S.K.: 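Structure below; questions to follow.
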Amino acid sequence: MSKLISLTGIKPTGTPHLGNYLGAIRPALELRKKYDTVYFIADYHALTTVHNREEMRNNTYKVAATWLALGLNPEEGLFYKQSDIPEIFELSWLLSCFTPKGFMNRAHAYKDKVAKNQAAGADPDDGVNMGLYGYPCLMDADILMFKSNVVPVGKDQKQHVEFSRDIAERFNKHYGKNIFTLPEPVIQAETDIIPGLDGRKMSKSYGNTIEIFLEPKELKAKIGKIVTNSQQIEEPKDPEKCHVFALYKLFASEEQAAALAARYLAGGMGWGHAKEALRELLEEHLAKPREKYNALLADTTQIDKILAYGAEQARAIAKPFMQEIRDTVGIAAN
Ligand code: TRP
């Protein structure tokens, strides 16, 4: 029996941090055990907001290097760049012709932007380009082109996947043919609980992140900034109330976590010791990926090759499927 397909879209924005790794990248890579996987870089989605050439190029390489360094195997499943698959854009247009405009009005990224504009007394559509407005239609094409059964996403993207399902269903019904597979959003719950330096959710907007590939010295300095209380060395400490321990636990084996918890409870361990334990554990997990990440970015031809290979494989699926879809709506297949 062939496995179900899981599809993950990665928007190339910014430098990824441990919150991204633990909340999104690591669980997405775990999916390989259960599903046939599709991973792609959603660069044309990023273009709705990133209008700087260097930033776009660098972010795309950085995000590709990140996933490859953390274990994405391009031989296993698909890994490509959205912009390399022109059929996705053709499908996006076609689907937009079946998408009620009201859906886009309700799409939450757009709605948030309008609400912000209104609060600021600006024109409701200030700073909204058509790409941003139609963002969900491009996502529909991403998802439906590869017959995705499940789409792991953060809470904020759930609505978009539900739109895809709705539109796939309408299209299938209208033409009396099961062309599109109905996708299911799978919500990644863990994302909320990864603490940043100040204990709030790790997020770029709070400025409390620890980037994944910091050099050893910078990593040590960042860990030093994790907020702790003013308990003295000799006092016993509650591991469950400590952000250092919370991060440690997310990387540690059960035995490692239990051993450090015991040191907290026993007293005689200062915050510096706890931070050192975290640093060692992070080095253990991230030193190799960091090496790989740096090597991939030092010579990007390898990434280019991997993405070209992925594009070829993805197009071998997208091209005939697009023909079938064109034929279904009465537009010549060739
Ligand atoms: N919009 C997603 C995000 O901001 C990225 C994305 C683009 C995506 N296309 C997708 C996610 C298709 C899942 C499926 O993170």
Side-chain angles (χ1 to χ4, degrees), residues 4-17 19-29 31 35-50 56 59-60 62-64 66-67 72 77-93 95-96 99 103-104 106-113 129 131-168 180-192 203-205 310 314 317-318:
L4 295 177
I5 296 173
S6 153
L7 173 132
T8 303
I10 309 151
K11 205 155 73 166
T13 42
T15 303
H17 54 72
N20 301 134
Y21 174 56
L22 297 166
I25 301 175
R26 193 167 74 176
L29 289 172
L31 294 167
Y35 298 100
D36 277 336
T37 48
V38 179
Y39 302 99
F40 71 95
I41 303 175
D43 50 353
Y44 264 121
H45 274 113
L47 191 63
T48 61
T49 53
V50 179
M56 178 63 90
N59 283 349
T60 302
K62 267 195 213 166
V63 82
T66 298
W67 283 73
L72 190 153
L78 285 178
F79 180 50
Y80 57 87
K81 204 165 62 173
Q82 180 190 41
S83 60
D84 284 337
I85 321 296
E87 289 79 13
I88 292 173
F89 305 96
E90 188 175 353
L91 181 57
S92 177
W93 173 260
L95 292 171
S96 78
T99 304
F103 276 26
M104 300 298 101
R106 283 193 279 121
H108 85 97
Y110 170 68
K111 250 176 60 183
D112 286 355
K113 184 99 188 167
N129 58 48
L132 186 67
Y133 186 62
Y135 190 106
C137 285
L138 184 52
M139 258 181 90
D140 296 340
D142 290 331
I143 292 169
L144 299 181
M145 181 63 95
F146 294 95
K147 301 185 169 45
S148 319
N149 300 101
V150 298
V151 183
V153 283
K155 270 188 261 160
D156 63 325
Q157 298 291 323
K158 180 167 178 256
Q159 181 200 36
H160 293 156
V161 183
E162 285 164 354
F163 284 165
S164 300
R165 188 183 173 90
D166 191 314
I167 288 155
F180 293 123
T181 302
L182 306 189
E184 196 86 59
V186 176
I187 303 308
Q188 296 176 324
E190 253 184 292
T191 340
D192 284 347
S203 160
K204 228 172 39 178
S205 52
I317 296 169

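Small disclaimer: the values here were computed from a predicted structure and weren't measured. Whatever order the structure lists them in is the order used to number ligands and atoms, beginning at 1. The first residue of the sequence shown is numbered 1, and numbering continues consecutively from there.
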S.K.: Does atom CZ of Phe163 have more than 12 heavy-atom neighbours from other groups under 6.0 Å away?
M.R.: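 Count over threshold, so yes.
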S.K.: Go through it in stages, so that I can follow the logic: the residues are Ile167 and Phe180, the test is side chain to side chain contact (heavy atoms under 4.5 Å, CB included), and I'd like the CA-CA distance, side-chain angles, deciding distance and then a yes or no.
M.R.: CA-CA 9 Å; Ile167 288 155; Phe180 293 123; over 6 Å; no
S.K.: Can you tell me the protein heavy atom closest to atom 4 (O) of ligand 1 and the distance?
M.R.: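 That would be Tyr135 OH, 3.2 Å.
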S.K.: Any nitrogen or oxygen of Thr8 lying under 3.5 Å from a nitrogen or oxygen in ligand 1? Just yes or no.
M.R.: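 In fact, backbone or side chain, Thr8 has no N or O that close.
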S.K.: Parallel, tilted or perpendicular: which one describes the rings of Phe146 and Tyr80, with boundaries at 30° and 60°?
M.R.: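 Because their plane-to-plane angle lies in the 30° to 60° range, the rings of Phe146 and Tyr80 count as tilted.
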S.K.: Tell me the protein heavy atom at minimum distance from atom 5 (C) of ligand 1, and give that distance in Å.
M.R.: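 Going by distance alone, atom 5 (C) of ligand 1 is nearest to Gly9 O, 3.8 Å.
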S.K.: Could you give me the CA-CA distance, side-chain angles and deciding distance for Phe40 and Ile85, then say whether side chain to side chain contact (heavy atoms under 4.5 Å, CB included) is met?
M.R.: CA-CA 11 Å; Phe40 71 95; Ile85 321 296; over 6 Å; no
S.K.: Please classify the Phe40 to ligand 1 contact at 4.0 Å (heavy-atom distances, strictly less than): side chain, backbone, both or neither.
M.R.: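 Under 4.0 Å from ligand 1, Phe40 contributes side-chain atoms alone.
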S.K.: Using a 3.5 Å distance criterion without hydrogens, assess whether the side chain of His45 forms a donor-acceptor pair with backbone atoms of Leu138.
M.R.: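 No, because the side chain of His45 does not come within donor-acceptor range (under 3.5 Å) of the backbone of Leu138.
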S.K.: Any idea which atoms of ligand 1 are less than 4.0 Å away from a heavy-atom of Lys11?
M.R.: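 Once the distances to Lys11 are compared, the set is 4 (O).
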S.K.: Taking heavy atoms and a distance under 4.0 Å, where does Leu7 meet ligand 1: side chain, backbone, both or neither?
M.R.: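 For Leu7, only side-chain atoms sit under 4.0 Å from ligand 1.
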S.K.: Any nitrogen or oxygen of His160, main chain or side chain, under 3.5 Å from a nitrogen or oxygen of ligand 1?
M.R.: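 No, no N or O pair falls under 3.5 Å.
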S.K.: Considering the heavy atoms of Ile143, write down every atom of ligand 1 situated less than 4.0 Å from one of them.
M.R.: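 Once the distances to Ile143 are compared, the set is 12 (C), 14 (C).
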S.K.: Indicate the atoms forming the closest heavy-atom contact of Met104 with Gly134, along with that distance.
M.R.: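 Shortest heavy-atom contact: SD-CA, 4.1 Å.
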S.K.: How far is atom 9 (N) of ligand 1 from the closest protein heavy atom, and which atom is that?
M.R.: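 Atom 9 (N) of ligand 1 sits closest to the protein heavy atom Asp142 OD2, 2.8 Å.
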S.K.: Under 4.0 Å from a heavy atom of Ala42: which atoms of ligand 1 are those, numbered in the order shown and with their elements?
M.R.: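 This gives 7 (C) as the contact atoms.
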S.K.: For ligand 1, which atoms, with element, lie under 4.0 Å from some heavy atom of Val151?
M.R.: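 Heavy-atom distances to Val151 below 4.0 Å select 13 (C), 14 (C).
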S.K.: For side chain to side chain contact (heavy atoms under 4.5 Å, CB included), just list the numbers for Val151 and Asp142, CA-CA rounded to whole Å, side-chain angles, deciding distance to a tenth of an Å, and then say yes or no.
M.R.: CA-CA 11 Å; Val151 183; Asp142 290 331; over 6 Å; no
S.K.: Which residue owns the protein heavy atom closest to atom 7 (C) of ligand 1, what's the atom, and how far is it?
M.R.: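 Answer for atom 7 (C) of ligand 1: His45 ND1, 3.2 Å.
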S.K.: I need the contact type for Val161 against ligand 1. Using non-hydrogen atoms and a strict under-4.0 Å cut-off, is it side chain, backbone, both or neither?
M.R.: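 For Val161, there is no contact with ligand 1 at all, from either part.
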S.K.: For a quick check under 3.5 Å, do Thr60 and Asp43 share a side-chain donor-acceptor pair by atom type?
M.R.: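 No.
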S.K.: Taking atom NZ of Lys11 as the centre, does the number of heavy atoms from other residues, nucleotides or ligands within less than 6.0 Å exceed 12?
M.R.: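 Check passes, neighbour count above 12.
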